[in-house]
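These notes are about the structure you will find just below.
In what follows, chains carry the letters A, B, and so on, assigned in the order in which the sequence lines appear, proteins first and then strands, with residues in each chain numbered from 1. Note: hydrogens, waters and symmetry copies are ignored here, and every other heavy atom, side chains too, is used.
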Amino acid sequence: MEVLISEIAEQVGRSVTLKGWVHNKRQSSKKLLFLQLRDGSGTIQGVVALNEIGEAGFDAAAAATLECSCEVDGLVRADNRAPSGFELTVTGFRLVGPSPDDYPLQPRGKGEEAHGADFLLNHRHLWLRTPRQRAIMRLRDRTVFHLRGFFDSRGFTLIDSPILTANACEGTSTLFEVDYFGRPAYLSQSGQLYVEPACQALRKVYCFGPSFRAEKSFTRKHLTEFWMLEPEVAFQTQDGNLELQEAMLKYVVEKVLDNDAGLIADIHDKRGLDFAADEESAEEVLARLERARDEAFVRLTYDEALEVLKKNGEPLEWGDDFGAPHESALVRDFDVPVFVERWPAQAKAFYMEPDPADERYVLCDDLIATAGYGELIGGSIRIHDIELLKRRIDEHKLDLADFQWYLDVRRYGSVPHGGFGLGLERLVQWLGGVRHIREVIPFPRTIKRLDP
RNA sequence: UCCUCGGUAGCUCAAUGGUAGAGCAAUCGGCUGUUAACCGAUUGGUUGCUGGUUCGAGUCCGGCCCGAGGAGCCA
């Protein structure tokens with residue numbers, strides 16, 4: 001019977017067939033060898049003994065090379081010598097697809113010595129086969145699943161925003177331009193302009209899709225193509241917006257801790273091919289997530305954050321935006337994520353609602369993650385007064401003609417509304433303790449890398 | 001765009017201006033319980049490109065190319 005390795009515990013004592021790949025081979029003699037088999041659901045060790053499989057079968061298994069694909073028959077045994085607790089006594093081996101002896105990735109390495117970042121990224125199509133990358137891809141999938149579960153449970157509707165857009169609303173410098181039947185179009189850098197009208201139709205909505213930034217940044221936390229989830233809620237308040245952000249993250253963290261903690265252990269297995277040498281341990285990641293699940297997030301106003309920065313030796317002028325050094329200085333004192341809300345209007349985007357308590361500020365927030373993973377979320381209440389919005393568009397030297405339909409949202413039954421943008425990759429980094437953003441997306445796009 | 005560091009075997013890295021090396025991978029041999037197996041042997045090089053200094057350059061100097069990480073900007 002054909003089974004998956006993930007189901008092998010139910011098959012003890014039975015003869016089964018596995019279809020997969022040879023991850024590694026250790027030959028002990030002309031009579032005994034070990035195959036590390038993986039099938040996408042897990043890995044198991046196959047024990048190939050001459051007296052169990054016969055000469056022809058042994059020779060076939062002995063000819064297996066790294067990453068060749070195969071069908072393997074065998075008897076499932078519980079065995080405490082195996083890391084997973086189960087082994088397969090191999091009784092048949094059939095090659096499906098050979099793998100020449102120039103397979104570029106080594107099945108193991110002495111920590112980060114085996115391969116470097118550039119080499120691994122050039123072989124991303126093969127790198128994905130390794131256990132660490134499998135665990136990261138699974139964690140990404142589970143994160144999206146849990147996010148969708150959260151918004152579903154709160155009555156949100158998924159609204160897909162377009163990727164091709166006509167307007168360069170916040171300036172063209174960070175946008176990718178494409179030729180759209182002879183006129184310029186741009187790859188979307190945010191779905192916000194589209195979920196704003198949608199929330200007036202469906203009350204609570206979110207979009208989730210790729211975002212594109214042509215910024216020439218080259219760091220561990222930037223991609224030119226990344227996935228962003230952007231909720232937008234009609235009749236939203238500043239406190240309601242923060243509550244939604246915190247509840248969303250606590251929900252995802254709790255689900256990951258309950259269901260997917262094993263993936264975090266796999267990600268931090270020291271045997272993994274990995275160029276992020278100085279990462280947290282799995283225990284540190286789990287402890288950090290437990291705190292984020294159990295303790296209230298820190299909430300600071302911009303002015304309070306300035307005081308913390310002054311105390312930590314990174315003073316800023318009122319009105320200045322935070323740089324990366326300020327972010328780390330700010331979260332140094334806290335071991336849960338930190339909201340910084342109510343920023344000076346001059347540091348933020350044109351569409352943000354003024355704080356009624358003091359109009360020098362706007363109703364907005366950034367959420368800064370623990371452990372150096374940076375900004376996970378940026379959110380705000382949007383201006384719903386059409387005259388104020390026109391004034392702001394003008395002040396920011398933007399073209400009113402580009403915003404006619406956006407202004408319609410304020411013209412007909414305008415309501416206070418707001419939302420935020422969550423960077424999926426940064427969330428997966430933070431959840432998994434993955435130091436480099438290029439590992440948490442299957443095929444990363446950066447300024448220097450379009451292939452594979 | 002700016003700053004810093006780097007480019008030597010398939011990979012990860014060594015090599016006072018003086019004969020280009022190791023570990024891993026691969027190949028061959030050995031071993032009936034290996035867990036990143038181990039032991040022995042073999043193969044493997046236009047030292048990123050280019051011009052210069054020098055008796056002699058992987059090493060020093062100029063230019064270029066490529067990569068990494070940080071700044072800025074952001075998610």
Less than 4.0 angstrom from a charged side-chain N to a carboxylate O is my criterion; do A/Asp118 and A/Lys448 meet it?
no
Tell me whether A/Arg142 forms a cation-pi arrangement with A/Phe145, defined as NZ or CZ under 6.0 Å from the six-membered ring centre and within 45 degrees of its axis.
yes
So, are A/Glu425 and A/Arg140 salt-bridged, with charged N and O less than 4.0 Å apart?
yes
Side chains of A/Pro131 and A/Asp266 in contact at under 4.5 Å (non-hydrogen atoms)
no
Please state how far atom CG in A/Asn51 lies from atom P in B/G33, giving the value in whole angstrom units.
12 Å
Check for me whether A/Arg360 meets the cation-pi criterion with A/Trp318, that is, NZ or CZ under 6.0 Å from the six-membered ring centre and within 45 degrees of the ring axis.
yes
Atom-pair distance (CG on A/Asp101; C1' on B/C28), nearest Å:
13 Å
Under 4.0 Å, heavy atoms only, any strand: does A/Glu225 hit a base, just the sugar-phosphate, or nothing?
nothing
Indicate yes or no: does A/Asp73 engage A/Arg94 in a salt bridge with an N to O separation below 4.0 Å.
yes
Quiz question: going by heavy-atom distance under 3.5 Å, is there a donor-acceptor pair between the base of B/C74 and the side chain of A/Arg426?
yes
Nearest-nucleotide wise, let me know which of A/Ala347 and A/Lys448 is further upstream toward the 5' end of RNA chain B.
A/Lys448
Taking only Watson-Crick and G-U wobble pairs with both distances under 3.5 Å, what dot-bracket line describes RNA chain B, where [ ] shows pairs that cross earlier ones and | shows pairs with another strand?
(((((((..((((....[..)))).(((((.......))))).....(((((..]....))))))))))))....
Measure NZ/A/Lys348 against C1'/B/C73 and give the value in whole Å, please.
12 Å
Using a cut-off of less than 4.0 Å, is there contact between a side-chain N or O of A/Ser28 and OP1 or OP2 of B/U34?
no
With respect to the phosphate group of B/G69, does any side-chain polar atom (N or O) of A/His222 fall under 4.0 Å of OP1 or OP2?
no
NA contact type, A/Gln45, heavy-atom cut-off 4.0 Å: base, sugar-phosphate, or nothing?
base
For A/Phe176 and B/C74, what is the distance between atoms CZ and P respectively, to the nearest whole Å?
17 Å
Salt bridge flag under 4.0 Å for residues A/Arg293 and A/Glu246:
no
Which part of the nucleic acid, if any, lies within contact of A/Asp118, taking any heavy atom under 4.0 Å across all strands shown: a base, the sugar-phosphate backbone alone, or nothing?
sugar-phosphate
Please report the distance separating the P of B/A20 from the corresponding atom of B/U46, rounded so that it comes out in whole Å.
14 Å
To the closest 0.5 Å, what do you measure between CG (A/Leu422) and CD (A/Glu230)?
9.5 Å
Among B/G70, B/C74, B/C31, the nucleotide that comes nearest once only the side chain of A/Gln27 is considered
B/C31
B/C64 versus B/G58 - spacing of their P atoms, nearest Å
23 Å
Ring-on-base stacking between A/Phe34 and B/G33, under 5.5 Å between centres and under 30° between planes: is it there?
no
Measure from the side chain of A/Glu375, starting at C-beta and using heavy atoms only, and say which of B/G33, B/A68, B/A75 lies closest.
B/A75
Which part of the nucleic acid, if any, lies within contact of A/Ile377, taking any heavy atom under 4.0 Å across all strands shown: a base, the sugar-phosphate backbone alone, or nothing?
sugar-phosphate
Would you mind checking if A/Glu439 and A/Arg220 are paired as a salt bridge, meaning a charged N to carboxylate O distance below 4.0 Å?
no
If you check every side-chain atom of A/Val47, which of B/G33, B/A75, B/G69 has the closest atom?
B/G33
Taking the C1' atom in each of B/U47 and B/G17, what is the distance between them to the nearest angstrom?
15 Å
Short N-O contact, A/Glu375 and A/Arg426, less than 4.0 angstrom
no
Can you label the angle between the A/Phe420 ring and the A/Phe151 ring as parallel, tilted or perpendicular, going by 30° and 60°?
tilted
A/His436 side chain, from C-beta outward: closest of B/G69, B/G33, B/A68:
B/G69
Provide the distance between the two C1' atoms, one in B/A14 and one in B/G7, to the nearest whole Å.
15 Å
Using atom P of each nucleotide, how far apart are B/A41 and B/G69 to the nearest Å?
39 Å
Among B/A75, B/C11, B/C74, which nucleotide sits nearest the side chain of A/Gln106?
B/C11
I need the CG-P distance between A/Leu121 and B/C66, as an integer number of Å.
17 Å
Using a heavy-atom cut-off of 4.0 Å across all strands, would you classify A/Ala324 as base, sugar-phosphate, or nothing?
sugar-phosphate
With rounding to whole Å, what would you report as the distance between B/U1 and B/G44 at their P atoms?
43 Å
Pairing of A/Arg288 and A/Glu280 as salt bridge, 4.0 angstrom limit
yes
Remember a base hit wins even if backbone is also touched, and classify A/Glu425 as base, sugar-phosphate or nothing at under 4.0 Å, heavy atoms.
nothing
Under 3.5 Å, side chain of A/Lys204 to main-chain N/O of A/Arg154, donor-acceptor pair present?
yes
Categorize A/Gly374 for me: base, sugar-phosphate, or nothing, with a 4.0 angstrom heavy-atom threshold over every strand shown.
nothing
Pair A/Ile136-A/Val434, side chain to side chain contact (heavy atoms under 4.5 Å, CB included): steps then yes or no
CA-CA 8 Å; A/Ile136 292 173; A/Val434 179; 4.1 Å; yes
What distance, rounded to whole Å, do you find between the two C1' atoms, one in B/U59 and one in B/A15?
9 Å
A/Met228 side chain, from C-beta outward: closest of B/G33, B/C11, B/A75:
B/A75
Nucleotide nearest A/Ser217 when distance is taken to its side chain, options B/C73, B/G67, B/C74
B/C73
Between B/G62 and B/A57, how many Å separate the two C1' atoms, rounded to a whole number?
15 Å
Separation of atom CG in A/Leu105 from atom P in B/A26, rounded to whole Å:
12 Å
A/Arg213 has its side chain closest, among B/A75, B/C24, B/U12, to B/A75
Under the side chain to side chain contact (heavy atoms under 4.5 Å, CB included) criterion, do A/Tyr194 and A/Asp160 qualify, and how do the steps go?
CA-CA 9 Å; A/Tyr194 303 96; A/Asp160 299 311; over 6 Å; no
Can you measure A/Leu249 atom CG to B/A75 atom P for me and round it to whole angstrom units?
15 Å
Is any side-chain heavy atom of A/Ile5 less than 4.5 Å from a side-chain heavy atom of A/Phe86?
no
B/G30 phosphate, OP1 or OP2, under 4.0 Å from A/Lys30 side-chain N/O
yes
If the cut-off is 4.0 Å, is A/Arg220 near the phosphate of B/G70, judged by side-chain N/O to OP1 or OP2?
yes
Which of the following nucleotides, B/G67, B/G70, B/C74, is nearest to the side chain of A/Arg449?
B/G67
Reckon A/Leu66 touches a base, only the sugar-phosphate, or nothing at all at heavy-atom distances under 4.0 Å?
sugar-phosphate
When you compare the protein's N or O atoms with those of nucleotides 46-49 of chain B, which come within less than 3.5 Å of each other, and at what distance?
none

Atom CZ of A/Phe119 to atom P of B/G7: distance rounded to whole Å?
18 Å
Nucleotide-resolved protein contact map, nucleotides 40-45 of chain B, B/S/- at heavy-atom distance under 4.0 Å:
------
